[in-house]
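Only a predicted model underlies this, so the values are computations on that prediction, with no experimental measurement involved.
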Amino acid sequence: MRRADFLLAPILRNIGISEDVHLLKIKMEWSEIFEKPLSFHTSPAALKESELLINVDSAVWMQELSFYKETIVKKLNRFGIKSVRLKIGRVFPYKKQSGPKPEMRRMTIDDKAFIENTVSVIPEEDLKVQIKKAIEKSLTFKRSA
């Protein structure tokens, strides 16, 4: 059985978004790849032709990191990064969604009737199922007043 990324890589490359996908993966894992305090003072900004542009929040950090470019590239090698470039810029830490799950409420009979009535006019079964799930999720999410 082939891995999904093996099958998707050529497709992503053909439509021109493979670097965007790699950049998103890097952003999501940045605080795990580079521990504190480095991850608080840097953030990946752009990826082009296997070169990662890293925003650094101060000249002091930029000077320090310039000595560690090879180490940074080695840590990012699994994302296809061949070189890095540093620049002073705004640092936007990527935060994973963590913490307590939102409170959920139970659906009423009226909610269920509303959903069935809404999706009953959709002829395509797969689309009907997806819309039904989206409405159920929306209705059960407990909003704060």
Side-chain angles (χ1 to χ4, degrees), residues 1-58 61-62 64-65 68-145:
M1 180 177 211
R2 290 182 166 175
R3 289 182 38 183
D5 59 345
F6 179 78
L7 298 171
L8 288 175
I11 296 168
L12 297 175
R13 210 172 16 258
N14 286 342
I15 60 175
I17 64 168
S18 65
E19 287 188 333
D20 295 333
V21 172
H22 283 294
L23 181 61
L24 181 59
K25 286 180 186 178
I26 292 168
K27 285 180 178 182
M28 289 174 25
E29 296 181 27
W30 192 255
S31 62
E32 295 160 11
I33 298 167
F34 300 103
E35 297 176 359
K36 299 174 191 175
L38 183 84
S39 63
F40 286 135
H41 296 281
T42 61
S43 67
L47 178 59
K48 187 170 183 178
E49 297 175 2
S50 300
E51 180 181 64
L52 180 66
L53 176 64
I54 301 173
N55 280 350
V56 183
D57 65 2
S58 72
W61 274 100
M62 192 158 139
E64 183 71 26
L65 292 175
Y68 296 101
K69 281 186 173 183
E70 284 184 32
T71 305
I72 293 169
V73 169
K74 284 180 185 175
K75 285 190 169 212
L76 296 169
N77 194 290
R78 65 186 167 115
F79 298 103
I81 304 301
K82 304 284 185 230
S83 65
V84 294
R85 192 167 37 104
L86 306 170
K87 79 170 188 105
I88 302 288
R90 294 189 78 186
V91 172
F92 299 100
Y94 184 88
K95 295 182 181 175
K96 286 186 175 180
Q97 298 297 324
S98 61
K101 300 269 186 205
E103 288 187 47
M104 305 302 274
R105 73 170 188 84
R106 291 190 180 269
M107 283 198 314
T108 65
I109 294 172
D110 290 337
D111 291 336
K112 292 177 183 176
F114 167 76
I115 293 170
E116 289 304 321
N117 187 37
T118 303
V119 299
S120 65
V121 297
I122 300 171
E124 188 178 323
E125 195 60 36
D126 290 338
L127 181 60
K128 183 185 289 190
V129 169
Q130 293 302 316
I131 291 174
K132 183 176 180 178
K133 286 179 183 178
I135 295 171
E136 287 172 351
K137 188 172 183 177
S138 176
L139 290 175
T140 57
F141 181 76
K142 192 172 186 178
R143 291 164 181 81
S144 56

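Here the straight-line distance linking atom NZ of Lys133 with atom CD1 of Ile115 works out to 13.0 Å at 0.5 Å rounding. The OG atom of Ser43 lies 9.0 Å from the CD1 atom of Ile54; values are rounded to the nearest 0.5 Å.
Shown here for Phe40 and Val91, the closest heavy-atom pair between the two residues is O-CG1, 3.8 Å. In plain terms, the two heavy atoms of Ser31 and Ser39 that are nearest each other are CA-CB, 3.9 Å.
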key: Pair Leu65-Leu38, side-chain contact (heavy atoms from CB on, under 4.5 Å): steps then yes or no   = CA-CA 9 Å; Leu65 292 175; Leu38 183 84; 3.0 Å; yes
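With sequence neighbours left out, the side-chain contact (heavy atoms from CB on, under 4.5 Å) criterion links Glu64 to Tyr68. Under the rule for a side-chain contact (heavy atoms from CB on, under 4.5 Å), the partners of Pro37 that lie at least two apart in sequence or sit in another chain are His41, Trp61. By the side chain to side chain donor-acceptor pair (under 3.5 Å) test, Asp111 pairs with Arg105, Thr108, sequence neighbours left out. Evaluation of the side-chain contact (heavy atoms from CB on, under 4.5 Å) rule for Ile131 yields Val119, Ile122, Leu127, Ile135 as partners, not counting sequence neighbours. When the side-chain contact (heavy atoms from CB on, under 4.5 Å) test is applied to Glu35, no partner is found at least two apart in sequence or on another chain.
Under the side-chain hydrogen bond (donor to acceptor under 3.5 Å, both in side chains) criterion, the residue pairs touching residues 114-130 are Glu116-Lys132, with sequence neighbours excluded.
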May I have the list of side-chain donor-acceptor pairs in residues 74-87 shorter than 3.5 Å, sequence neighbours left out?
unit_1 : atom_1 : unit_2 : atom_2 : d
Lys75  : NZ     : Ile33  : O      : 3.4
Arg78  : NH1    : Glu29  : OE1    : 3.3
Arg78  : NH2    : Glu29  : OE1    : 2.7
Arg85  : NE     : Glu51  : OE1    : 3.3

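Contact of the Leu23 side chain with the Leu52 side chain is registered, since non-hydrogen atoms from C-beta on lie closer than 4.5 Å.
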